[in-house]
A.B. asks: 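Got a structure for you, written out below as structure tokens; questions coming shortly.
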Amino acid sequence: MSSSRPTPGHSLARQGFSDPARAERLLADPSLAALVAGRREDLVAELAATPDPDLALLSLVRLLEVAGGEADELVRTLRADRMATSRLLAVVGASSALADHLVAHPTDWRRAAQARHRSSLDLVRALVAAVDGLPTAEAHDALRVAYRGELLSIAALDLTGPDAREVLPGTARALADLAAAALEAAHRIAVAEVAGADQVRLAVIGMGKCGGRELNYVSDVDVIFVCEPADEAIAPGSAHEQEALQVGAQVASALMRACATSTGEGTLWPVDAALRPEGKNGPLVRTVAGHLGYYQRWAKTWEFQALLKARHVAGDPELAQRYLDAVRPLVWQASTRENFVEDVQAMRRRVEQHVPAREADRQLKLGPGGLRDVEFSVQLLQLVHGRMDESLRSGTTLEALEALAHGGYVARDDAAVLDEAYRFLRAMEHRIQLFRLRRTHLVPTGDAELRRLGRALGLEGDPGAEVVRQWRRRALEVRRLHERLFYRPLLAAVARLSAAEAHLSPQAAGERLAALGFRDPQGALRHLEALTEGISRRAAIQRTLLPAMLGWFADGADPDAGLLAFRKISDELGTTHWYLKMLRDEGSAAERLAQVLATSRFAAELLERTPAAVAVLGDDVGLRPRSRESLLTVLRSAAGRKDTPEDAMLAVRGVRRHELFRVAVADIAGLLTPTEVGRALTTIAEATVEVALETATAKVEMELREPLGTRLLVVGMGRLGGAELGYSSDADVMFVHEPVAAGSADDGVGADDGARADEAELQRRAVAVVQELRRLTAWGGPEPAVGIDADLRPEGRNGPLVRTLDSYRRYYERWAETWERQALLRARPVAGDAALGERFEQLVEPYRYPEGGLDAAQLRDIRRLKARMESERLPRGADRRTHLKLGTGGLSDVEWTVQVLQLQQAYAEPGLRVTGTPEAVAAAREAGLLAADEAGLLVDAWSSATRLRNAGMLWRGRPMESVPSGHRDAEGVARLVGRGPGEGQQLMDDYLRVARRVRAVVERRFYGQGGHPDTDG
């Protein structure tokens, strides 16, 4: 009968041994007998807890085989002390290189088993004591043995800590301190080796990760050597100083050999002095003055970035401090160099480009989402903001990141993501390097290596697959944040500020504000103080933003208004978690907000009433106008959550303000053409009217307690019909209704519901809905309402507000005047019943595109009507030359010229059957009715006048119907149409030139060769 109990080998496999049979043999090895006796299961469990149980078991057997007289004490310790066992097995189960060291030096097992934290001073004493008094070759060996003995302790504490990420800073600091101790011991060896070394003072400055006390297990150790003659009386630049420097170079070279030379005990690591002035081409040692002179005259941006981590690690401490005191001020002024931020960004791109393609997807350090992404982001932020904020001047990445988050320079959640990712990536790097003590930053690809790595990081399930999954996820997070932080436009702006500007001290800020163009510097200072006072995070972020934003406000035509609006919005949104974070982190949001507020009172007032709309500034995608369908969905959702029609329309108005702000910002940013602005504003108006119609219909039906019984249609006329609305345009409309046929499937009234309302009742109901619609669209909100103007309906104000389709047919057949047919050229269904809209367009087709065009009398009527309109409607005192709508060469000239062509030719040229002016001009040119130069002039004039009208509304927050002549208005409008400072007057000259040229086209094409109708008899 077979047993169901698992075999010993099967049990070992379940506990993580890759080769159970081999493990069984090793467990039976005589060298383990005393350790295994009575506690095999405990030992197997302890082995199974290591990254590589097979390696740990083999290494333990090897160690006991060579331990000799140490074996008994080792066994006793392992049987009695669980922590000692855990530490020793963790080391030999994670690092074959350290296991080899233990086999070569069995007495060092205590360094792992009895590991304890050592101060930097203790490490220096231990390594110096190990080499003192020994000949050079023996000292080299002794240094290596002592170094690896200390490395055993660091690794043991690291591997048995609560979490690799939690202990990472302490481990990296210990490794850096151990490297510094090795450099100090190497310096002692070099001094003993080089004749005359006592005649010089040499300081070793740690750079890179050694300088930042965040070293890896295996890494080049970057240094800079500073040397001075021991005799202070030696004159700088003298021959004696040069002799001393030569000796100093010999000591430095000997120090480097003491660490890097390969001996019977191996090597430590290369000492890399390439970060010194002039790199490998420069002298190995320089005096403090020599270094300072180089950095002041010749240093590149990356050299100051490297100096951020500089610290004394070995040699003469007083000399090192003199060096650091001399160069550190230069580090924190480096960001004021021309193109500093751009240079750092370019350097990061170059580093990426030099990563071999075959390694790019395995790089923990240099590739996208790697350690360098975190380090470069942190260092750039430090160098830019650390000039003013000394709390940011740590050479350690995680400490600096914490300070940046505390100071408000990085969002706390972003900093937390970067901190956790950096710890994980560094922990991966440590575990990879620890295995063979080799310098590598590549993630392994083999299953066994990945499994060991995952287990070393405490991952469960499938450790190999899990470590890859977690690494990839963090790399994506790091890359996303790096691209947002590292390429943040705010950085370049802050870097260009002077210290006085950046600190916003009252006197310096007041002077600067006046110089920037603020008309009321003291008032602006009060706003700044209100925004930045206190120790809150909100104030800290404002102190980061405002120095740069002041320059952006000044780029606008009204910086005072911009800053005031910013304060109002910040007071409203300052406690909202995303607002300041977006301005600091998202693309050009802060710059765009400053530009908008200092350029457009219209946009500022919209934003003050709907502060949440500032979210659209995050990127250009947020500035794309919504489609009609998308906007209707949002509006219906907003209205549907309210209980009354009035509340529903207040919600609709809120969404409308949000969308108007979106279009205004896109317009100010130059992302939309005048035609696109018109279409976007028309879409907002159409959707608003559509939802208002639905709301009004629902209210009337609720009062009736039955369906309305008639379909309703809103027809857009004028600029609404042409999809050419401006910011201040009314919505010209006509209303159509059509009774639902009795018994039809969609009338909602059954045959048994009683007699249907008669035609008069349906007319009354339709009027009630239209009146309610007009009331609702004017409800609430001081921003430009959707002004519903129905004066273009048959009989104008004296006619019925709404008619049936048949009523419109009868009117147009019998009574329509020429101007009413002309008005129909713009007629287009914009809301309501779509099928009714199609029938309406079919109905008016023959009236607006009459067969045979216009007769002479009709053409004369149109010309006289236009002349009378210009005469009667032009405001008192207005200059006919500069009025944008009714003036010479204005919108009316262009539109009426095109509309006459449509009335005359559209019956024969289907391309002319459009409601928009630019489209009609293009069709007329295509049909040969306009020459190319004429068409170009008409479109240019129309676009220019449209842009100026919109710009006037954006600038002042109220309509501007003429080209501005006052200096301030001219300058404000000029900025909005893409002109530079001081070009306001040029607006007038340019407009008049275009208007004169287009008027010649109008005289020829609209009035004919006979000229103005006043001459017609």
A.B. asks: Are E817 and R821 ion-paired here, with the side-chain N under 4.0 Å from a carboxylate O?
C.D. replies: no
A.B. asks: Just checking R873: does its CZ atom have more than 12 heavy atoms from other residues, nucleotides or ligands closer to it than 6.0 angstrom?
C.D. replies: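 At most 12 heavy atoms, drawn from other residues, nucleotides or ligands, come within 6.0 Å of this atom.
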A.B. asks: Rounded to the nearest 0.5 Å, what's the gap from CZ on R999 to OG1 on T897? Could you check?
C.D. replies: 8.0 Å
A.B. asks: N950 vs V677, test: side chain to side chain contact (heavy atoms under 4.5 Å, CB included). Steps then yes/no.
C.D. replies: CA-CA 9 Å; N950 283 342; V677 170; 3.8 Å; yes
A.B. asks: Would you tell me whether T644 and D647 have side-chain atoms, one donor and one acceptor, within less than 3.5 Å of each other?
C.D. replies: yes
A.B. asks: Between R641 and S637, is there a side-chain donor-acceptor contact under 3.5 Å, judged purely by atom types and distance?
C.D. replies: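 Yes.
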A.B. asks: Just by distance, do the side chain of R803 and the backbone of V736 share a donor-acceptor pair under 3.5 Å?
C.D. replies: no
A.B. asks: Show me the pairs that pass side chain to side chain donor-acceptor pair (under 3.5 Å) and involve residues 682-692, at least two apart or across chains.
C.D. replies: R628-E686, R628-E690, E686-R828
A.B. asks: So how far is it from M960 CE to L954 CG, rounded to the nearest 0.5 Å?
C.D. replies: 10.5 Å
A.B. asks: Return the minimal non-hydrogen interatomic distance between G709 and L762, and the atom names on each side.
C.D. replies: O-CD2, 3.8 Å
A.B. asks: Looking only at atom types and distance, does a side-chain atom of T915 sit under 3.5 Å from a main-chain N or O of G721, one as donor and one as acceptor?
C.D. replies: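 At least one qualifying donor-acceptor pair exists.
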A.B. asks: Output yes when a side-chain donor or acceptor of T946 lies under 3.5 Å from a complementary backbone atom of S943, and no otherwise.
C.D. replies: no
A.B. asks: Measure from the side-chain N and O atoms of R653 to the backbone N and O of T777, and report whether any donor-acceptor pair falls under 3.5 Å.
C.D. replies: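 Checking the backbone N and O of T777 against the side chain of R653, a donor-acceptor pair under 3.5 Å is found.
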A.B. asks: Nearest 0.5 Å, what's the CZ-CD distance between R624 and E676?
C.D. replies: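 One gets 12.0 Å once the value is rounded to the nearest 0.5 Å.
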A.B. asks: Using 4.0 Å as the upper bound for N to carboxylate O, is an ion pair formed by R775 and E772?
C.D. replies: yes
A.B. asks: Check whether any side-chain heavy atom of W815 lies under 4.5 Å from a side-chain heavy atom of E795, and answer yes or no.
C.D. replies: no
A.B. asks: Can a donor-acceptor pair be found between the side chains of E724 and T917 at a distance below 3.5 Å?
C.D. replies: yes
A.B. asks: Taking the basic N atoms (NZ, or NE/NH1/NH2) and the acidic carboxylate oxygens, is any pair closer than 4.0 Å for E659 and R656?
C.D. replies: no
A.B. asks: Between the main-chain N or O of G556 and the side-chain N or O of R975, is there a donor-acceptor pair closer than 3.5 Å?
C.D. replies: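 Present.
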A.B. asks: Would you say CZ of R1005 has more than 12 non-hydrogen atoms from neighbouring residues, nucleotides or ligands within 6.0 angstrom?
C.D. replies: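 For R1005, atom CZ is crowded (more than 12 foreign heavy atoms under 6.0 Å).
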A.B. asks: Only one of K885, R949, H883 passes side chain to side chain donor-acceptor pair (under 3.5 Å) with E961; say which it is.
C.D. replies: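 Of the listed residues K885, R949, H883, the side chain to side chain donor-acceptor pair (under 3.5 Å) partner of E961 is R949.
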A.B. asks: How far does CZ of F735 sit from OH of Y808, to the nearest 0.5 angstrom?
C.D. replies: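 Going from CZ on F735 over to OH on Y808, the span is 8.5 Å.
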A.B. asks: Verify, without hydrogens or angle tests, whether E872 (side chain) and M869 (backbone) share a donor-acceptor contact under 3.5 angstrom.
C.D. replies: no
A.B. asks: Mind checking the OG-CG spacing from S729 to L720? Nearest 0.5 Å is all I need.
C.D. replies: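 The distance works out to 9.0 Å.
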A.B. asks: Examine the side chains of E820 and Y811 and answer whether a donor and an acceptor come within less than 3.5 Å of each other.
C.D. replies: yes
A.B. asks: Looking only at heavy atoms, what is the nearest atom pair of T710 and A766, with distance?
C.D. replies: CG2-CB, 4.3 Å
A.B. asks: Is any NZ, NE, NH1 or NH2 atom of the basic residue among R765 and E703 found under 4.0 Å from an Asp or Glu carboxylate oxygen of the other?
C.D. replies: no
A.B. asks: Minimum heavy-atom separation for L874 and E870, please, with both atom names.
C.D. replies: CB-O, 3.1 Å
A.B. asks: Taking R662 for the side chain and P625 for the main chain, is one N or O donor matched with an acceptor at less than 3.5 Å?
C.D. replies: no
A.B. asks: A side-chain contact here means heavy atoms from C-beta on lying under 4.5 Å apart; do L805 and F840 qualify?
C.D. replies: yes
A.B. asks: Can you find a heavy atom in the side chain of T697 that is under 4.5 Å from one in the side chain of L712?
C.D. replies: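 With C-beta onward as the side chain, the pair touches.
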A.B. asks: Is R636 salt-bridged to E694, going by a charged N under 4.0 Å from an acidic O?
C.D. replies: yes
A.B. asks: For a quick check under 3.5 Å, do T804 and H737 share a side-chain donor-acceptor pair by atom type?
C.D. replies: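 Short answer, no.
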A.B. asks: Could you check whether W955 and D969, counting side-chain N and O atoms only, form a donor-acceptor pair closer than 3.5 Å?
C.D. replies: yes
A.B. asks: Should E608 and R657 count as an ion pair when the cut-off is N to O under 4.0 Å?
C.D. replies: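 No, no charged N to carboxylate O under 4.0 Å.
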A.B. asks: Considering only NZ, NE, NH1 and NH2 on the basic side and carboxylate oxygens on the acidic side, decide whether D990 and R979 come within less than 4.0 Å.
C.D. replies: yes
A.B. asks: Between L937 and V894, is there a side-chain heavy-atom distance shorter than 4.5 Å?
C.D. replies: no
A.B. asks: Take V830 and V715, measure what side chain to side chain contact (heavy atoms under 4.5 Å, CB included) needs, and give me the verdict at the end.
C.D. replies: CA-CA 6 Å; V830 295; V715 177; over 6 Å; no
A.B. asks: Between R810 and E813, is there a side-chain N and carboxylate O pair less than 4.0 Å apart?
C.D. replies: no
A.B. asks: For a 4.5 angstrom cut-off between non-hydrogen side-chain atoms, does L824 reach M734?
C.D. replies: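 Heavy-atom side-chain distance check passes, below 4.5 Å.
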A.B. asks: Would W942 and V898 count as a side chain to side chain contact (heavy atoms under 4.5 Å, CB included) if you check the C-alpha gap in whole Å, the side-chain angles of each, and the deciding distance to 0.1 Å?
C.D. replies: CA-CA 11 Å; W942 183 89; V898 173; over 6 Å; no
A.B. asks: Please give me the minimum heavy-atom distance between A970 and L987, naming the atom from each residue.
C.D. replies: O-CD1, 3.7 Å
A.B. asks: Measure up the F1006 and W896 rings against each other and bin them: parallel (under 30°), tilted (30 to 60°), perpendicular (over 60°).
C.D. replies: perpendicular
A.B. asks: Taking all atoms of both residues into account, what is the closest heavy-atom pair of A648 and T695, and its distance?
C.D. replies: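 Smallest interatomic distance, heavy atoms only, reads CB-CG2, 4.5 Å.
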A.B. asks: Set out, in order, the CA-CA distance, both residues' side-chain angles and the distance that settles side chain to side chain contact (heavy atoms under 4.5 Å, CB included) for R809 and D806, then state yes or no.
C.D. replies: CA-CA 5 Å; R809 179 181 293 108; D806 284 343; 2.6 Å; yes
A.B. asks: Would you call R764 and E759 a salt bridge, taking side-chain N to carboxylate O under 4.0 Å as the test?
C.D. replies: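 Answer for the salt bridge query: no.
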A.B. asks: Which distance, rounded to the nearest 0.5 Å, do you find between the OG1 of T818 and the CG of L854?
C.D. replies: 7.0 Å
A.B. asks: Tell me, do W819 and L792 make a side-chain contact under 4.5 Å, heavy atoms counted?
C.D. replies: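 Yes, their side chains come closer than 4.5 Å.
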A.B. asks: Just distance, no hydrogens or angles: give the donor-acceptor pairs under 3.5 Å from side chains in residues 899-912, sequence neighbours left out.
C.D. replies:
{"unit_1": "Q899", "atom_1": "OE1", "unit_2": "Q822", "atom_2": "NE2", "d": "2.7"}
{"unit_1": "Q902", "atom_1": "NE2", "unit_2": "L912", "atom_2": "O", "d": "2.8"}
{"unit_1": "Q902", "atom_1": "NE2", "unit_2": "V914", "atom_2": "O", "d": "2.9"}

A.B. asks: Do Y849 and L825 come close enough that some side-chain heavy atom pair is under 4.5 Å?
C.D. replies: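 Of all side-chain heavy-atom pairs linking L825 with Y849, at least one is under 4.5 Å.
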A.B. asks: Taking NZ, NE, NH1 and NH2 as the nitrogens, is one of them in R719 or D730 under 4.0 Å from a carboxylate oxygen of the other?
C.D. replies: no
A.B. asks: Is there side-chain contact between L631 and L635, with heavy atoms separated by less than 4.5 Å?
C.D. replies: yes
A.B. asks: Between S600 (side chain) and V596 (backbone), is there a donor-acceptor pair under 3.5 Å?
C.D. replies: no
A.B. asks: What closest approach, in Å, do A612 and L573 show between heavy atoms, and which atom pair accounts for it?
C.D. replies: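 In terms of heavy atoms, the two residues are closest at N-CD1, 4.3 Å.
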A.B. asks: R793 side chain to R797 main-chain N or O, any donor-acceptor pair under 3.5 Å?
C.D. replies: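 Answer holds: yes.
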A.B. asks: Could you tell me whether a side-chain N or O of R956 sits under 3.5 Å from a main-chain N or O of P959, the two making a donor and an acceptor?
C.D. replies: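 Yes; at least one donor-acceptor contact below 3.5 Å.
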